Amino acid sequence: MSDAHESNIGLIWKVFGILSAVTIVEVILGIYKPESLHLNHFLGMNLLNWIFYILTIFKAYYIVWSFMHMGGEKKSLQWAVVSPLIFLVLYLLFILLTEGDYIYGVFKDSTIKWNF
């Protein structure tokens with residue numbers, strides 16, 4: 001009975017490559033801000049921000065999947081961990097969009113100036 005340690009160097013480099021590629025895409029989009037994404041709106045927010053949210057959620061999910069070893073668990077445990085997070089992210093995004101639109105409306109139509 002030998003306790004052979006399986007090397008995960010290849011897996012670590014794969015995770016590093018995927019997370020680096022997504023981060024590079026985010027940085028490039030943040031620097032150049034393409035007008036087709038920055039000036040078009042969807043559900044009260046421009047498409048560029050939606051892309052940032054989606055890529056950030058993807059990175060967070062992938063980090064949990066890889067470094068917390070969720071890929072090797074049973075489907076029921078995977079869903080027990082992921083489904084509350086999906087609900088929480090959607091709820092927080094709803095609050096962010098609703099309150100942000102309200103604050104924008106208050107300052108847009110009032111005599112109070114933006115001082116922040």
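Being a predicted model, the structure only gives us computed values, none of them experimental.
Note on Ile28: it does not cluster hydrophobically with Leu39, by side-chain heavy-atom contacts below 4.5 Å among ILVMFWY residues. A continuous path of Ile, Leu, Val, Met, Phe, Trp and Tyr side chains, each step under 4.5 Å between heavy atoms, connects Phe52 with Ile18, placing both in one hydrophobic cluster. Connection of Leu85 to Leu92 is not established within any shared hydrophobic cluster, with ILVMFWY side chains joined at heavy-atom distances below 4.5 Å, either directly or through further cluster members. Linking Ile, Leu, Val, Met, Phe, Trp and Tyr residues whenever their side-chain heavy atoms come within less than 4.5 Å leaves Ile63 and Ile57 in two separate clusters.
Here the CD atom belonging to Glu35 is positioned 12.0 Å from the CG atom belonging to Leu48, to the nearest 0.5 angstrom. Distance check: Ile24 CD1 to Leu19 CG gives 11.0 Å after rounding to the nearest 0.5 Å. Rounded to the nearest 0.5 angstrom, Tyr91 OH and Leu96 CG are separated by 12.5 Å. The distance from the OH atom of Tyr62 to the CE atom of Met70 is 14.5 Å, given to the nearest 0.5 Å. The structure places CD1 of Ile54 at 11.0 Å from CG of Asn49, a figure rounded to the nearest 0.5 Å.
Of all non-hydrogen atoms in Asn46 and Leu37, the two that sit nearest each other are CB-O, 3.8 Å. Of all heavy-atom pairs spanning Trp79 and Pro84, the tightest one is O-CD, 4.0 Å. The minimum heavy-atom distance between Ser36 and Leu47, with the atom names listed, is O-CD1, 4.3 Å. Counting all heavy atoms, side chain and backbone alike, Phe42 lies closest to Trp50 at O-NE1, 2.7 Å.
Sorted by first and then second residue, the ring-ring contact (aromatic ring centres under 6.0 Å, His included) pairs with a member in residues 14-37 read Trp13-Phe16; sequence neighbours excluded.
A search for side-chain hydrogen bond (donor to acceptor under 3.5 Å, both in side chains) contacts involving Lys59 returns Thr23, Glu26, not counting sequence neighbours.
With contacts defined as side-chain heavy-atom distances shorter than 4.5 Å, the pair Tyr61/Ile86 does not qualify.
Around atom CG of Leu88, more than 12 heavy atoms belonging to other residues, nucleotides or ligands sit under 6.0 Å away.
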